[in-house]
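Here the structure is laid out as structure tokens; the discussion comes afterwards.
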Amino acid sequence: MAKVSSDQLGTEPIGKLLVKQAVPASIGILVMSLNVLVDSIFVGNWIGSIAIAAINVVLPVSFFIAALGMAIGVGGSSIISRALGSGDKQKALKTFGNQISLTLLLTILMVAVGLYFINDLIPAFGGKGSIFPLAKVYYTIVLYGVPFLALCMMGNTVIRAEGKPKFAMVAMIIPSVGNLFLDYLFIYVFDWGMHGAAWATTAGYLLCFGYIFYFFLSKNSELKINISHFWLNRSILTEMGSLGFVTLSRQAVTSVTYLLMNNILFNLGGEAMVAVYAIIGRMLMFAFFPVFGVTQGFLPIAGFNYGATKYDRVKESIYTAIKYAALVATVVFAGLMVFPDALTALFLSNKENLPAEELATNTFVMEHAPTAMRMVFAATPIIALQLIGAAYFQAVGKAIPALLLTLTRQGFFFIPLILLLPHFMGERGVWLSFPIADVLATVVTGYFLWREIRTKLQTVN
């Protein structure tokens, strides 16, 4: 791979630069999303549809802990991008060292708490009935690997802040490919069942960590830290925390959403209804990979040029990112509207002589999931504005607007809707909450982004 300088973030044409940043990010997210998707397909076909529901119950707990690393990564990387843009290399180095120290301290503490309260957390997130024993096996094993995942998520955002998206892409691909290979080996060949699925996931985290560790030790990284950079600095932690809190809050709200959704749907239709949501959740992770890729590519461009006070380039990056993300979101929307039945069928076993309980669950899922999928993704074409708008405020270091806009969709609109609509519309009310929240959040974000562009980005340099 050719070495890329962070200075190019402030000089190359925005369209070319965004493609250069977003395509590797999209590929990396695609592979990670395919990993989640294919992993669920393997689990559903080789273990059973209830096993998919069990993983869905565990994800919000493990992902929240891992999101500590992502939050520290995003918050610190915003500082790093702006520091590199303004020529302050020492601040970038100190920030990176603080990111590593804080990630290790917080994630290890959270893992200890998560394991201590294991029998309370799993049922609280919907792991009831026949879901509980499978969820407990998966949860226990995966949680040991979560600190490595947190370090990977933190490190990946720093790699992007350095302007090296191809390395970040490889870091995302390695654990995904490794996990899928180990899924086949541990579940299908060794017949380890849920233990195999969990160990395959944990091993994938370790592979990713190994690659990112190598990157920062190699000559490819501009950030060569020493022991002094690991000592925590209050001013850096404060700035990092205020920006990273946006990402952490988003994941916290996502975890609360999983908790509410799993329990509401369990009450509406038992384990089978939770399995429907598990499949919808996998499609949500997979379908938006190109939009998230554009968003990831946009962040360092906006942050660097804002730090360099090149506001015309910041505005151009906003418009270009929204245009590209809206285009790919529309393509995703078309595919989901046309093929929901075929997509649902991928997750269900077609073996002969299935147990009666699993056969009944599969039949229920096929009857409910395709219609739910169409409703959930009904507003997909407009989500680009909401995601890019919220990302802009985070990229330029405006923590409070970034936090509020990030929480708008799930916290301010979606959670109240899923608490209210099911009382009047049952299952349909749950699924319709998704597009209604998307529309409302997009309108709010669009207004604040328009106001920012009109008032704060008018200086021409």
Side-chain angles (χ1 to χ4, degrees), residues 60-86 88-114 146-162 212 216 223 225 227-256 295-296 299-300 302-304 306-307 387 389-412 448:
V61 181
S62 59
F63 274 18
F64 176 74
I65 299 173
L68 287 169
M70 175 64 84
I72 294 167
V74 171
S77 295
S78 175
I79 301 172
I80 290 171
S81 289
R82 286 178 282 120
L84 292 174
S86 62
D88 191 351
K89 184 74 173 287
Q90 281 304 308
K91 184 174 183 180
L93 292 172
K94 185 66 176 177
T95 300
F96 181 41
N98 275 227
Q99 286 178 294
I100 296 172
S101 298
L102 191 60
T103 300
L104 284 171
L105 287 172
L106 292 181
T107 56
I108 291 174
L109 175 63
M110 291 297 294
V111 167
V113 173
V146 165
F148 294 100
L149 175 60
L151 287 167
C152 292
M153 296 175 79
M154 181 276 293
N156 198 273
T157 61
V158 176
I159 294 173
R160 294 191 192 287
E162 287 195 60
I212 289 179
F216 286 113
L223 300 175
I225 58 177
I227 192 67
S228 66
H229 296 129
F230 290 100
W231 295 106
L232 298 178
N233 178 280
R234 179 176 295 181
S235 64
I236 289 176
L237 291 179
T238 300
E239 187 177 1
M240 187 192 305
S242 65
L243 296 171
F245 187 68
V246 176
T247 298
L248 187 61
S249 297
R250 179 171 57 236
Q251 186 55 48
V253 173
T254 298
S255 295
V256 172
T295 304
Q296 289 293 313
L299 282 166
F304 186 99
Y306 192 88
L387 292 174
Y392 160 78
F393 289 97
Q394 193 166 11
V396 303
K398 298 188 177 184
I400 293 177
L403 172 62
L404 294 176
L405 291 176
T406 298
L407 296 180
T408 296
R409 179 189 175 274
Q410 287 189 307
F412 299 154
F448 282 100

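Both backbone and side-chain heavy atoms feed into the values below; hydrogens, waters and symmetry mates do not.
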Atom NE2 in H229, atom CD1 in I236: separation rounded to 0.5 Å? 9.0 Å
Side chain proximity check, L102 to M240, heavy atoms < 4.5 angstrom: yes
Here the gap from L223 atom CG to I159 atom CD1, rounded to the nearest 0.5 Å, amounts to 10.0 Å
Mind checking whether K91 and L93 have side chains closer than 4.5 Å, heavy atoms only? no
Which atom pair, heavy atoms only, marks the closest approach of T107 to T103? OG1-O, 2.7 Å
To the nearest 0.5 Å, tell me how far R82 CZ sits from I80 CD1. 10.5 Å
Aromatic ring pairing F216/F96, orientation class (parallel under 30°, perpendicular over 60°, tilted between): tilted
Rounding to 0.5 Å, atoms CG (L407) and CZ (F412) come to a distance of 5.5 Å
Under 3.5 Å, is there a donor-acceptor pair between the side chain of S242 and the main chain of E239? yes
Is the shortest heavy-atom distance from the side chain of Q394 to the side chain of V74 under 4.5 Å? yes
Where the side chain of T95 meets the backbone of G76, is there a donor-acceptor pair that is under 3.5 Å apart? no
Tell me if a side-chain donor or acceptor on S77 pairs with a main-chain N or O of T157 at a distance below 3.5 Å. yes
Interatomic distance, L387 atom CG to T406 atom OG1 [nearest 0.5 angstrom]: 9.0 Å
So for atom CZ, which belongs to F148, do other residues, nucleotides or ligands contribute more than 12 heavy atoms lying within a distance under 6.0 Å? no
With a 3.5 Å distance limit and no angle check, can you tell me whether K94 reaches the backbone of I225 through a side-chain donor-acceptor pair? no
For L232, does the CG atom have more than 12 heavy-atom neighbours from other residues, nucleotides or ligands under 6.0 Å away? yes
Taking all heavy atoms of G307 and all of S86, pick out the closest pair and write down the distance. O-CB, 4.3 Å
In this structure, is the centre-to-centre distance between the rings of F393 and F448 below 6.0 Å? no
List the atom of G411, the atom of V253, and the distance in Å for their closest heavy-atom pair. N-CG1, 3.7 Å
For the residue pair N156 and I212, what are the closest heavy atoms and their distance? N-CD1, 4.1 Å
Side-chain (N98) to main-chain (N233) donor-acceptor, under 3.5 angstrom: yes
What's the spacing between I72 CD1 and L104 CG if we round to 0.5 Å? 9.0 Å
What one should report as the nearest heavy-atom pair of A161 and P300 is CA-CB, 4.5 Å
Considering all heavy atoms of both residues, which atom of L84 and which atom of A92 are nearest to each other, and what is their separation? CD2-CB, 4.2 Å
